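Beneath this line is the structure, given in C-alpha cells, with notes to follow.
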Amino acid sequence: MNTKKINRRIFIRNVATGTAGIALGAVPFSVLANNDYTTITILHTNDMHCHIEPFTGTNERYANKGGLARIARLAKIQREKNPNTLLLDAGDMFQGTPYFNYFKGELMLKVMSAAGYDAGTIGNHEFDNGLQGILDPLPNAQFPLINSNYDFSDTILDGKFPGYKVFKRSGITIGIYGVGIELKGLVGQMHYENTVYNEPVAVAQKMENFLKNEKNCDLVICLSHLGLKYRNSTVSDMVLAAETSMTDLIIGGHTHTYLEKPIETKNKAGKPVIVNQAWWGGLVVGKIDFVFERTKKKKIGTYSQVLES
Amino acid sequence: MRQSFSYTLLITWVLIAVSCKNHFVQKSYEIQNISVTEEQNVLDSSIVRLYLPYKNILEKDMNRVISFSEVEMTKGKPESFLTNFLGDLLLNEGGNVAKAQEMGIVPDLSFFNYGGIRTSLPEGEITVGKIFELMPFENEMVFLELDGKQTQEFLDYVAAKGGDSLGGARFKISEGKAKDATIGGKPISEQEKYWLVTNDYVANGGDGLDVLKGRKQFINSKFKIRDAIISSLEEKQKNNEKLTAKIDGRFIVE
C-alpha cells in the first residue's frame, strides 16, 4: 500500500471524527499546504551540431569547452537538486563533427537520450542527409522531436513528429510546441522533398491557444529553430515573442547567438515573455526557473500582475 | 445526522483538494545562461562510455596531420584569410578535377557559401578532423556555365552579402553591387560565358542563389568538396609547401 492511500485513509478518518485540525496535519503537504512553492527548471541547448565531446584542445576559441558529455553531467546534478527539471533542445543536433559524417544521426540521438533529453525539435541541418537520413536514426531518440509547422504527411516522415507534448511535473502542466525555419533556399529541395512549411506565427498562435485553453497548461514553451532576429522582416523568435500572447518561454536556435542572459520582453498582450538561445555546440546551457505558487483561491492574480510587481 | 454532516465536510475538503490541485500561479522566475567549461562541468562518465567505441573508430582517421599552416585563418568580410584561401583553393582544385575528368573546361570563378565554412583553421598542424569540422557537409563539387548577365548578377549577390569566399574575380562593392568586375584579370563581358565551380548546395539555389538555377550547362563531378580540400592539402604537403593566405583587395568597399 502506498503512502498516498494511507494518508487518504487517515484524512477520511479524522474528518469523520470531526478533528479537522489533525486532518490538516495528516494530509500530504503537497495537497493542502497554503504556501506551497514549486519550481520548474528548464534547461536548454540548441545547435549542438554533434558536439558530443568538448571542443578539442587545439580549437583556439572554445578549447575544452562545451559538449554534450559535460551537459549530461550538469543536467543530472540539476535534476538531483530539482526533479522538476526538463532538458530541451531547439534543433540542429546533426552535422558539425566527424561523429555525424561517420555515424549519421545515430550516435547523437543515442547520446542525447542517455543524457536525459525530454524533448527536442527539428532544425534545418537535420535534413542534411535527406528525409531518409532523419528516418533511419530516429529509433535511437528516446524523446519526442516536437514540430507544429512542418507538414510531413506527403513524405516518409509522416506521423513521426508530434505537434505538441504536455508534461506534468508535481501537478504543474507544461505544454511544448515547436516551430521550424523555412526550408526553401536553405535546404536542398531533394533533401526536404514534399515537406510543407506552414507560416510559424499563425501556427504558434494556434498552438499556444490550444495548450493554454484546451490542455490547461500552466506554462507554455515554444521550441523554435527560426533564429533570434533578423534585420529584415523575416520571421524570428523576436517576431514570435511580439505576435504571441500565451507563450511564456521561447527557446531558440539557428543563429548561434551568444546571450549574456536570456531576453525579457513583452508579448502581444503586453505580458512578459522570455526569449533565449544558448550559443552553439553545447558551449552554454540556458536555465530558466519558473516558480509557481499553489493556491486555494481561484486565482490570486494574473501572470503579468504578479511578474510586474 | 452527525454522519451526514461529516460527509458534507468530507466532500467539501475533497472539492478544495481537487480545485487546489489545478491552480498554480506563477510567482517569479530566474534566468541564467551557464557557460559549459572544463572547470565547472566534468564529463559524464556514462556518456563517455557510450561514445568511446565510436570515438576509437574515428580517431584512427581523424588525427592524421595532413598539413601545416603558417597563419591562423578565420573567416570575415569583405575579405579574410580563410575565405580567400578557400576560394583560391577551390578554383585550383576545380581546374584539376575538370582536367582529370576530361570535362574540357577550365573554371573561371569559384564560390564557397560563407555559411558553409564551419570553423577556422589554426596556425600549425592541420588534421583530417579539422577539415571535417571546416567542411562537414557531404556536398559535391559542381560546375555551372553562366552567361555574362548571370555572372554579373551572381557577383552582385556576393557584393550584396558584403563579400564572400570567391576566387577568380575582383570588384568594387558599391551600393551592394559588384562594380568594375574583372574575371581572370579581364573586365567582365556580357557576351562571354563563364564557368563557376561551387558546391551542389548553392547550385540548387541554396542560400538564395536562385540565379544559379538558370545556368546554361551543369556538370556534377560527384567529387566531395571536403575530399578536394584534403587532397589539395596533401599535395602541398608532399611538396613541403606550408599553407598561407593573404588579403589581396579582391573586394574594395566603396
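Here is the naming used below: chain letters follow the sequence lines, and residue numbers restart at 1 for every chain. The model shown is predicted, which means the values in this text are computed figures rather than measured ones.
Judged by distance alone, the side chain of A:Arg294 and the main-chain N or O of B:Phe24 form no donor-acceptor pair under 3.5 Å. Between the B:Asp44 side chain and the A:Ile71 main chain, no donor and acceptor come within less than 3.5 Å of each other.
Taking each heavy atom of A:Ala115 and B:Ile47 in turn, the nearest pair found is N-CD1, 3.8 Å. Across all their heavy atoms, A:Lys261 and B:Ile31 have their closest contact at NZ-CD1, 4.1 Å. Smallest separation of non-hydrogen atoms from B:Tyr201 and A:Gly185: OH-O, 3.9 Å. Closest approach of B:Gly129 to A:Pro98, counting heavy atoms only: O-CG, 4.5 Å.
A:Phe103 touches chain B through its side chain: at least one heavy atom from C-beta onward sits under 4.5 Å away, while N, CA, C and O do not. Contacts between A:Leu259 and chain B at a heavy-atom distance below 4.5 Å involve backbone atoms as well as side-chain atoms. For B:Asp200, the part lying near chain A is the side chain, with the backbone staying farther off; criterion is any non-hydrogen pair under 4.5 Å. For chain B, the nearby part of A:Asn276 is the side chain; its heavy atoms alone come within less than 4.5 Å. A:Ser113 does not touch chain B: none of its heavy atoms, backbone or side chain, sits under 4.5 Å away. Heavy atoms closer than 4.5 Å to chain B are found in both the backbone and the side chain of A:Ala114. Both the backbone and the side chain of B:Ile34 come within contact range of chain A, with heavy atoms under 4.5 Å apart. Only the side chain of A:Lys76 comes within less than 4.5 Å of a heavy atom in chain B; its backbone stays farther off. Proximity to chain B (any heavy atom under 4.5 Å) is restricted, for A:Asp128, to the side chain, taken from C-beta onward.
Atom CD of B:Gln32 has more than 12 heavy atoms from other residues, nucleotides or ligands within 6.0 Å. The 12-atom threshold is exceeded at CD of B:Glu254, counting heavy atoms of other residues, nucleotides or ligands nearer than 6.0 Å. Around atom CZ of B:Arg226, more than 12 heavy atoms belonging to other residues, nucleotides or ligands sit under 6.0 Å away.
From B:Ser35, atom OG reaches atom CH2 of A:Trp279 across 7.5 Å, with rounding to the nearest 0.5 Å. Rounded to the nearest 0.5 Å, atoms CD (B:Glu38) and CG (A:Asn64) are 4.0 Å apart. Atom OG1 of A:Thr97 and atom CG of B:Leu58 lie 7.5 Å apart (nearest 0.5 Å). Atoms CG and CG, on A:Leu74 and B:Leu43 in that order, are 12.0 Å from each other to the nearest 0.5 Å. Atom OH of A:Tyr99 and atom NZ of B:Lys55 lie 5.0 Å apart (nearest 0.5 Å).
The candidate with the highest count of non-hydrogen atom pairs below 4.5 Å against chain B, out of A:Ile77, A:Leu186, A:Leu107, A:Val111, is A:Leu107. In terms of heavy-atom pairs under 4.5 Å with chain B, the best-connected choice from A:Glu53, A:Lys110, A:His191, A:Gln277 is A:Glu53. Ranked by heavy-atom pairs under 4.5 Å with chain B, the list A:Lys184, A:Gln189, A:Glu260, A:His125 is led by A:His125.
Counting only heavy atoms from C-beta outward, the side chains of B:Tyr54 and A:Glu106 approach each other to under 4.5 Å. Between A:Tyr37 and B:Lys27 the shortest side-chain heavy-atom distance falls below 4.5 Å. Between B:Asn33 and A:Pro262, some side-chain heavy-atom pair lies under the 4.5 Å cut-off. In this structure the side chain of B:Gln40 never reaches within 4.5 angstrom of the side chain of A:Arg70, judged on heavy atoms. Proximity of A:Asn101 to B:Phe132: side-chain heavy atoms (C-beta onward) are separated by under 4.5 Å at one or more points.
Remark: the A:Tyr102 side chain and the B:Asp61 side chain contain an N/O donor-acceptor pair separated by less than 3.5 Å.
With B:Gln26 as reference, A:Asp248 is the one residue of A:Ile40, A:Asp248, A:Val291, A:Ile172 to meet the side chain to side chain contact (heavy atoms under 4.5 Å, CB included) rule.
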**OP:** Please step through side chain to side chain contact (heavy atoms under 4.5 Å, CB included) for the pair B:Glu30 and A:Phe290, ending with a clear verdict.
**Re:** CA-CA 7 Å; B:Glu30 278 178 44; A:Phe290 289 100; over 6 Å; no
Original post:
Hey, mind stepping through A:Arg73 and B:Asn41 against side chain to side chain contact (heavy atoms under 4.5 Å, CB included) and telling me if it holds?
Top reply: CA-CA 7 Å; A:Arg73 181 87 188 114; B:Asn41 313 96; 6.0 Å; no
